Participant: 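Let me begin by handing over the structure; questions about it come next.
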Amino acid sequence: MISLVRKSTKYLIIETYDLTAMEDYLITSLKAFKDNIYTVSAKTNEDYTVIYITDDINKPSVISEESPVYMLPQDLDHILCRMVNEKNDHLIKSLKLAPRLLIFRYFGNISKIIYSILKDYEGEIRDLKETFFNLDLPSSVITFTDKPLINNLGLDDLYEKCIVIGRPTKGLYRNFKVNALRYLNEGLENKNWYEVEIRIYDIYNAYHLHYRRLMHVLENLELGLVLGESWSKDYAVLLMSVGVYTIRFFTLYEPKHIKKILLGLEISSDNTRICDYDVYHGRKKISWIDFAQNRKEARTDVTKRCREELFKMLSPSSIEYMENIEKEIMKAK
């Protein structure tokens, strides 16, 4: 629900006998995307491989922002298998893996998190960009971001400093997953986790569809942790009960931020109100009125504006997923 640590894309250095032929193979046969490493880093995630080619692997592989690299949305082993099976391994003189970054999601005081990590590991704080462009670095590199890790993250999304630790990345990654919450809490200082209750109301009983939309947003924006779920009844009108599906949720975002996002889910693309997502912090219900820009602004205008802001946060594939579910909801009415 909230991811705190992940790996970056994989980086491979290929020493080749023929730079032109290797580039042609990568682009023509493997459909690689060629650009500078700064641009490519913003388009990749841990499922991608980035290749840097050279005619002398013994030369320092310290590159610049404009150095060309080749991006493929495939695993490293898949790429190498294709090269061998397609009889193009003759282009390869030697191979070397470049450092793979670990990316840590942080909230609060980043300095406290860094020094908490340095208590556990012997490491060195360095400038991120200088470290990132050094493909010869033999150590593991820990980087930091306040953005959701589900996103593609470029250099501008990362904190300016990183930690270099002389240990294998695989073991560090395993240890960081175990200790990530402890490091995160070190940086929170006086900031606390909020426990909120999200209640789904729908008179058409399409709860499973509203639940899917809700969980998709909570997961894709990495807003927090689900603690529990339950059914109950609410008596909105005397002697008339309505079903309520309740989700207990832990988040580092203020409850009003959660409510604002969920207001955007209460309407469909044609501004039809399709459900209510009530948000409670303690016993207090957060009202849509808190988000009105003036006394005259109607609820429909507030939810429309919140929906527009929400969809700016989502990827095109997420928006398509949400709109497809909304079509199912409209059919259930």
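Here the structure is a predicted model, which is why all the values come from computation and not from measurement.
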Participant: Working to the nearest 0.5 angstrom, can you tell me the gap between Asp120 CG and Ile165 CD1?
Facilitator: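 The distance works out to 9.0 Å.
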Participant: Please check if atom NZ in Lys170 has more than 12 non-hydrogen atoms from other residues, nucleotides or ligands closer than 6.0 Å.
Facilitator: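 No - once you tally the heavy atoms of other residues, nucleotides and ligands closer than 6.0 Å, there are 12 at most.
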Participant: Could you list the donor-acceptor pairs under 3.5 angstrom formed by side chains in residues 151-159, with sequence neighbours left out?
Facilitator:
residue : atom : partner : partner atom : Å
Asn152  : OD1  : Asn45   : ND2          : 3.1
Asn152  : ND2  : Lys43   : O            : 3.3
Asp156  : OD1  : Tyr38   : OH           : 2.3
Asp156  : OD2  : Tyr38   : OH           : 3.0
Asp157  : OD2  : Gly154  : N            : 2.9

Participant: If you look at every heavy atom in Cys275 and Asp202, which pair is closest and at what distance?
Facilitator: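 The pair with the smallest heavy-atom distance is CB-CB, 4.4 Å.
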Participant: How about Lys7 and Ile103: do any of their side-chain heavy atoms sit closer than 4.5 Å?
Facilitator: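 Not in contact.
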Participant: Does Val164 reach the side chain of Leu137, with side-chain heavy atoms less than 4.5 Å apart?
Facilitator: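 A side-chain contact exists here, since the closest heavy-atom pair is under 4.5 Å.
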Participant: For the CE atom of Met83 and the CG atom of Leu30, what is their distance to the nearest 0.5 Å?
Facilitator: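 CG of Leu30 is found 5.5 Å from CE of Met83.
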Participant: Counting C-beta onward and ignoring hydrogens, is there a side-chain heavy-atom pair between Val141 and Leu102 closer than 4.5 Å?
Facilitator: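 They are not in contact (no side-chain heavy atoms under 4.5 Å apart), so the answer is no.
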Participant: Between Glu297 (side chain) and Gln293 (backbone), is there a donor-acceptor pair under 3.5 Å?
Facilitator: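 Checking the backbone N and O of Gln293 against the side chain of Glu297, a donor-acceptor pair under 3.5 Å is found.
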Participant: Between the main-chain N or O of Asp278 and the side-chain N or O of Arg199, is there a donor-acceptor pair closer than 3.5 Å?
Facilitator: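 Absent.
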Participant: Please confirm whether the ring centroid of Tyr211 lies under 6.0 Å from the ring centroid of Tyr245.
Facilitator: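 Yes - the distance between ring centres of Tyr211 and Tyr245 falls below the 6.0 Å cut-off.
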Participant: Side-chain heavy atoms under 4.5 angstrom apart, residues restricted to Ile, Leu, Val, Met, Phe, Trp, Tyr: same cluster for Val226 and Ile258?
Facilitator: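 Yes, one cluster joins them.
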Participant: Any chance you could measure Thr20, atom OG1, to Asp55, atom CG, to the nearest 0.5 Å?
Facilitator: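 If we round to the nearest 0.5 Å, Thr20:OG1 and Asp55:CG are 10.5 Å apart.
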Participant: For Glu229, is the CD atom crowded, meaning more than 12 foreign heavy atoms sit under 6.0 Å from it?
Facilitator: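 Yes.
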Participant: What's the spacing between Thr16 OG1 and Lys93 NZ if we round to 0.5 Å?
Facilitator: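 Between atom OG1 of Thr16 and atom NZ of Lys93 there are 9.5 Å.
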Participant: Given the rule in the salt bridge (Lys or Arg N to Asp or Glu O under 4.0 Å) test, do Arg126 and Glu124 qualify, once you have shown the distances and angles that lead to the verdict?
Facilitator: CA-CA 6 Å; Arg126 293 191 188 177; Glu124 181 183 348; 3.3 Å; yes
Participant: Looking at CD1 of Ile37 and OG1 of Thr44, how far apart are the two atoms once the value is rounded to the nearest 0.5 Å?
Facilitator: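 With rounding to 0.5 Å, CD1 (Ile37) is 9.0 Å from OG1 (Thr44).
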Participant: Does any non-hydrogen side-chain atom of Leu265 lie less than 4.5 Å from one of Thr303?
Facilitator: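 Thr303 does not reach Leu265 side chain to side chain.
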Participant: Would you check if the side chain of Lys285 reaches a backbone N or O of Val279 as a donor-acceptor pair within less than 3.5 Å?
Facilitator: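 Side chain of Lys285 to backbone of Val279, a donor-acceptor pair under 3.5 Å: no, none is there.
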Participant: Is it true that a side-chain atom of Thr28 and a backbone atom of Asp24 form a donor plus acceptor pair closer than 3.5 Å?
Facilitator: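 Such a contact is found between Thr28 side chain and Asp24 backbone.
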Participant: Inspect the surroundings of CD in Glu122 and state if more than 12 heavy atoms from other residues, nucleotides or ligands are less than 6.0 Å away.
Facilitator: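 No.
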Participant: Between Ser315 and Ser318 (side chain of the first, backbone of the second, donor and acceptor by atom type, cut-off under 3.5 Å), is there such a pair?
Facilitator: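 Here the side-chain-to-backbone pair exists.
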Participant: Under 6.0 Å from the six-membered ring centre of Phe291 and within 45° of its axis: does the NZ or CZ of Arg305 meet both?
Facilitator: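 So Arg305 doesn't make the cation-pi contact.
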Participant: How about Tyr277 and Glu266: does a side-chain donor come under 3.5 Å of a side-chain acceptor?
Facilitator: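 No, no side-chain donor-acceptor contact under 3.5 Å.
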Participant: Determine, step by step, whether Asp290 and Lys259 satisfy the salt bridge (Lys or Arg N to Asp or Glu O under 4.0 Å) criterion, reporting the C-alpha distance in whole Å, the side-chain angles of both residues, the deciding distance to 0.1 Å, and the verdict.
Facilitator: CA-CA 10 Å; Asp290 294 341; Lys259 176 61 179 180; over 6 Å; no
Participant: According to the interplanar angle, ranging from 0 to 90°, do the rings of Trp193 and Phe250 count as parallel (below 30°), tilted (30 to 60°) or perpendicular (above 60°)?
Facilitator: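 It falls in the parallel class, under 30°.
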Participant: Report yes or no: do Tyr48 and Gln74 form a side-chain donor-acceptor pair below 3.5 Å?
Facilitator: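 Tyr48 vs Gln74: no donor-acceptor pair found between side chains.
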Participant: Would you sort out whether Phe249 and Tyr280 count as a ring pair (Phe, Tyr, Trp, His ring centres under 6.0 Å), showing the intermediate values?
Facilitator: CA-CA 10 Å; Phe249 191 64; Tyr280 286 81; over 10 Å; no
Participant: Could you pull out the closest heavy-atom pair between Pro255 and His281, with the gap in Å?
Facilitator: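 Answer, listing the atom of Pro255 first, then His281: CG-CG, 3.7 Å.
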Participant: So, the side chain of Arg105 versus the backbone of Lys147: is there a donor-acceptor pair under 3.5 Å, distance only?
Facilitator: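 Side chain of Arg105 to backbone of Lys147: a pair is present.
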Participant: Taking atom types as modelled and ignoring hydrogens, do the side chains of Asn36 and Thr39 form a donor-acceptor contact shorter than 3.5 angstrom?
Facilitator: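 A donor-acceptor contact under 3.5 Å links the two side chains.
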Participant: Atom NZ of residue position Lys304 - does it have more than 12 heavy atoms of other residues, nucleotides or ligands inside 6.0 Å?
Facilitator: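 No - once you tally the heavy atoms of other residues, nucleotides and ligands closer than 6.0 Å, there are 12 at most.
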Participant: Under 4.5 Å between side-chain heavy atoms, counting indirect links through other Ile/Leu/Val/Met/Phe/Trp/Tyr residues: same cluster for Val217 and Ile267 or not?
Facilitator: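 Shared cluster, no.
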Participant: Between the side chain of Thr54 and the main-chain N/O of Asp56, is any donor-acceptor distance below 3.5 Å?
Facilitator: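 Yes, Thr54 side chain to Asp56 backbone: donor-acceptor pair under 3.5 Å.
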Participant: Can you tell me if Glu15 uses its side chain to pair, donor with acceptor, with the backbone of Ile57 under 3.5 Å?
Facilitator: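 Yes, because the side chain of Glu15 sits within donor-acceptor range (under 3.5 Å) of the backbone of Ile57.
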Participant: Within the side chain of Glu222, is there an N or O that forms a donor-acceptor pair under 3.5 Å with the backbone of Leu149?
Facilitator: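 Here the side-chain-to-backbone pair exists.
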Participant: Using a 3.5 Å distance criterion without hydrogens, assess whether the side chain of Arg100 forms a donor-acceptor pair with backbone atoms of Ser8.
Facilitator: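 Pair found, side chain donor or acceptor close to backbone of Ser8.
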Participant: Evaluate the side-chain proximity of Ile150 to Leu221: yes if any heavy-atom separation is below 4.5 Å, no if none is.
Facilitator: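 In short, these two side chains do not touch, never coming nearer than 4.5 Å.
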Participant: Side-chain donor-acceptor pair under 3.5 Å between Asp270 and Ser268, yes or no?
Facilitator: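 Side chains of Asp270 and Ser268: pair found under 3.5 Å.
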Participant: Considering only heavy atoms from C-beta outward, does the side chain of Glu186 approach that of Tyr115 to under 4.5 Å?
Facilitator: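 Contact flag for Glu186/Tyr115 side chains = no.
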